[in-house]
Structure formats: C-alpha cells, structure tokens
Amino acid sequence: MLRKKTQTKYIFVVGGVMSGVGKGIAVASIGRLLQAHGIKATAIKIDPYINVDAGTMNPTEHGEVFVLRDGLECDQDMGNYERFLGTDLSGANYMTTGSVYRKIINDERNMRYKGKCVEVVPHVPLEVISRIKHAAKVNKAEVVLIEIGGTIGEYQNVLFLEAIRILRLKESDSVFLALVSYLPLQGDGNELKTKPTQYAIKSLNAAGLHPDMVFARAKTPLDKKRKEKIAFNCSISVENVISAPDVESIYDIPNNFKRENVDKIILESLGLKSRGFRFKDWAHAARRAHSAKHRVKIGIVGKYFSTGSFMLADSYISVIESIRHASYSLNLKPEIVWLNADDYVGARNLNDLKKFDGIIVPGGFGGRGIEGKIAAIKFCRENKIPYFGLCYGMQLAAVEIARHVAKLKGAHTVEINPHTKYPIIDVMPDQKEKLANHDYGGTMRLGSYTARISKGTIAEKAYEKHTISERHRHRYEVNPKFIAKLEKAGAVFSGKSPDGKLMEIMELPRTKHPFFLGTQFHPEFQSSLLSPHPLFVEFIRASAEK
Ligand code: GLN
C-alpha cells in the first residue's frame, strides 16, 4: 500500500519584549521532544542582519561564530540545535537578510524573474519560504522549526513575519506560531507583569499574525492567574500559555516543556501522531547536571569578554557546553572561570593559575592578549597544569614550545609578526591571495576535514580510532619547515591530515605532562550532552585527577 505523503509542518518561533530570552533553546527543546516522539524534525535559524553569514562578525557584536560541517559560519543557535537534535545541520538550515537579498539580486541579474518587476513583497518572503521548503527537503524533515531572529516590533524582521503570514495563508493547517516572550518581575514583589507580552502580541497582530502558543520566559514560574490574564487579553487558550522559568541547566528545558504539555499541544494542533515517546537517555543525562558531587575548576584564558560593563560569555558558548558535557559524563560539576589574557602579560599573576584544575586557550584572532596567552601556556607546561588549546590555543602552544624549549627566540605566528625569523605558524599558500584581495568572507579553511591519529598517543586513547573528522575555522597552520624542530623539543603531532602535510593535533607525551594537547580544529563544535567530545572528556578527566 502506498503511504500517503504527509504535508511538511512548520513551527515558527518569534521573540517578544526583548532579545536573549532563549528562543534558540526553545526551538532546540521543542525539536528534541518531537524527535522523542519519533518525528523527524529539523531547525532553521533566520538572522535579520545584512551580513551574508556570521563569519566576518566580531564575537562581541554577535556572540560565537558556529561552523557547520559544510563550512558555513553561522549563528551560535545552530550549535544549540545540533547539540539538542543530535544531528549535523547544513547551510540549508541558515539564512540572513543578506544571503536572501544576494540570491534575489543574482536571480534578477540572470533574468530568472523573466522581466518582472522584483519587489520587496512578495519576492523576499517568497524566497524565504522557498528556502524553508528546500531545508525541509534536504533534511527529509516532517517538521521544520524556524527561529526568526530579533524581537517583534522592530523593523528588521518584518519581511520574515510576512513570510509566515503568506505561508499560513496557503497552508494554514501546517503552520504553528509560538511567541517566546519575557515577563519582568515588578519591584521587589514577585508579581510577573504580563503587559509587555500583551503589547508584543498586539504587534504580531499588526503583522497579520496571532500566536498559537506563548512561552512566558521569566525568573520564576508563571502562576495560573497570570496565565489566565494573557489568555483572556490575547485570545489564546490557557493551556497554550507556557510557564518557562529560568533554569540551572538548559538541558532540563525539554523536560520542563513536556510537563507543560508543549509536545502534546503541538502534535494535536498540527495533526501529528506520536510514534511512542523515547526520552530516557536524555532525561538521565540531564539529571547528571544536578547529581554530580565533585567539582572541577576550569579557567578559560581569552579576550572577547567585555562589552561596555558587561561580560559576554556567549562568545565561547560551544566551549562552555563541551566542558559541561564532558564533566557531567564523569559525574563532575564544572566551575568555569573567565581569565583575561591581558592579566598575564609580562608573566604577571601567573601563580593564580595554580588554583585551576585545567586551563583552556580557545580560538581567537589578532594580537590583543596574545603574549598573556603564551605566558599562561608556558606556566601550564612547566607546572604540569592540564592544558587544552583550541585552534589559536594550539598555534600559540607551538609558538611557546618553539620559543622556550627549542630556543628559537622571537618565534611567532605570521598573523601577528609577518617578519619573524621563526614563522612557526604560517599562512596557508591558498590564503595569501585571499588576504591580499581583502577577500575575508567565508574564505578560511572551513568545515569538516578528516585526520589520521597516531598510535600510542593521548589522542588515540581519547578517540579510540585512527580516522576522525573535525571542523575547522582558521587561515594559519603549523609551518612544515619547523616540524622537526618542534618534535625535537618534545612535541608529538598525533593528528595529521591524510596526506601528512597539515598538523591537526599537537601534544606532549603523558610521561612528561598529565595533559598538554592542542587541536588545529574546533572539537567544541561536535560535542553534545549525549555524546561528549572525547578530547574534552580526556582533558576534564586529567584536570579532575590533578
Ligand atoms: N587566528 C588563527 C588562524 O586564523 C586561529 C583561528 C581560530 O582560533 N579559530 O589560523
């Protein structure tokens, strides 16, 4: 019997009142629940800015730049989707205003609109809809979750709201719209105020849309009275007003949503049937965030942290989550401390690092804080403090060993000193031209590459295999001319590209140091609660043993 082709369903998630209320995690959590019901779900992020991708943006502007397997540089929410859904997403799952406009303008130049007048409406929303449908197809998804960046009421995302309106007009039974809104606590009382959310819904109404569900993000749970108030004033059924208070661990959110019947309401409303609910593994892993007794204290030496008087922890979200995944899997509670690289310049304050069980130098670009990072790495090496270098953190570890063990005075990466006598880290040949042409967007070594792991190394012990695939985002590499010198100084290149030319992992043998390892790639882009990254697990284990 031929199975009737079911229509793809679309769940749009928009944000109200303010940004940063957790739309991404809401999308990821709904997706996780649908998956637990046996439904194939995928997630799309739409960012309203003109940048074609997130690659050229400074992390203080936009948080972490996440890299997909196919090399697309995108918003950190894509990382949340991958971590919750346990699947690799592709560039088809991401768009910005810039990428949409670029396509439309190219199509117009190529006469694909057959001489028509190409207009903002309907052509932009139609292009958005066509991309959403394309993503559904390449992911073979029954349900597509679409997060619209920005906040309701701002000018930036109106064309995306228009896309929802048009899709709903055509396929009303297949579209579900959720608003993730914020409810402030008034004064020192504990009453959550609903009015800003009511206004957000009115703004949605002005765009021709009405939400099917409202997530009430707030410090505390939403009581029945306030639920009824939103329901009554905004014509939404009380059950569809969801209490979504702050949580200690984001991995509890799918379970919290379940308790509020979010999955049941969405399934019913879209005419979908559960194929049995399998959620034990997630619930079990999520519980470990609370049950761990012993602590492990990890310091991250970086620079992108302050914007004005705020700290921007978002810049390293994947690193933070990877530390958590690995720690939870070992029944440890991680304490993560931000360390400003500049504090260690001139070998100041280094003794403070002894307070930590392990130190990470994450990815980075440019010169600020670099001497502080190198000083911190040297201190970790000499004092046997577990050290994990991610991309820049590996390159700088190579520079450190070159300078202080191989005694190559002034050794450096050419990113910082193009005239160094000892260019330990050099620009890749194909990159030279790109830099000369100021061709910066999407031109680094990006996305997944395979590497071979050598026997008898920490990397082998961690991965338990000899071929790996990891994601990259960098222009510079260990200079082949200095490999012999670095090896003589004790460095072991335990991961290499299949042709043996590119150094992907550098470590010191266990006999010399409990854990000193750097990766040219970004392992943090492939870690999840249910599948913690093996190198993070090894690093946290060594840290806990310290
Ligand atoms: N700046 C270095 C490079 O471009 C490292 C990049 C990174 O850490 N992602 O190679």
Full working for salt bridge (charged side-chain N to carboxylate O under 4.0 Å, His left out) between Lys219 and Asp246: CA-CA 5 Å; Lys219 270 211 155 59; Asp246 287 352; 5.0 Å; no

Check against salt bridge (charged side-chain N to carboxylate O under 4.0 Å, His left out), Glu228 and Lys225: CA-CA 5 Å; Glu228 285 167 356; Lys225 192 101 190 267; over 6 Å; no

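Ion pairing between a basic and an acidic side chain is recognised when a charged N comes within 4.0 Å of a carboxylate O; Asp212 and Arg168 show such pairing. Between Lys45 and Asp77 there is a salt bridge, since at least one side-chain N of the basic residue sits less than 4.0 Å from a carboxylate O of the acidic one. Lys40 and Glu142 are not joined by a salt bridge, as no carboxylate oxygen comes within less than 4.0 angstrom of a charged side-chain nitrogen. Between Arg226 and Glu191, at least one side-chain nitrogen of the basic residue sits less than 4.0 Å from a carboxylate oxygen of the acidic one, meeting the salt-bridge criterion. For Arg471 and Asp88, the salt-bridge test passes: some basic side-chain N is under 4.0 Å from an acidic carboxylate O.
Proximity of the aromatic rings of Phe539 and Tyr387 is defined here by a centroid distance below 6.0 angstrom, and this criterion is not met. Ring pair Tyr251/Phe84: centre-to-centre distance below 6.0 Å. Taking the six-membered ring wherever Trp is involved, the centroid distance between the rings of Phe66 and Phe525 falls below 6.0 Å.
A side chain to side chain donor-acceptor pair (under 3.5 Å) with Gln526 is found for one member of Glu82, Glu470, Arg83, His533 and no other, namely Glu470.
Judged by a 6.0 Å distance limit and a 45° cone about the ring axis, Lys297 is positioned over the six-membered ring of Phe356.
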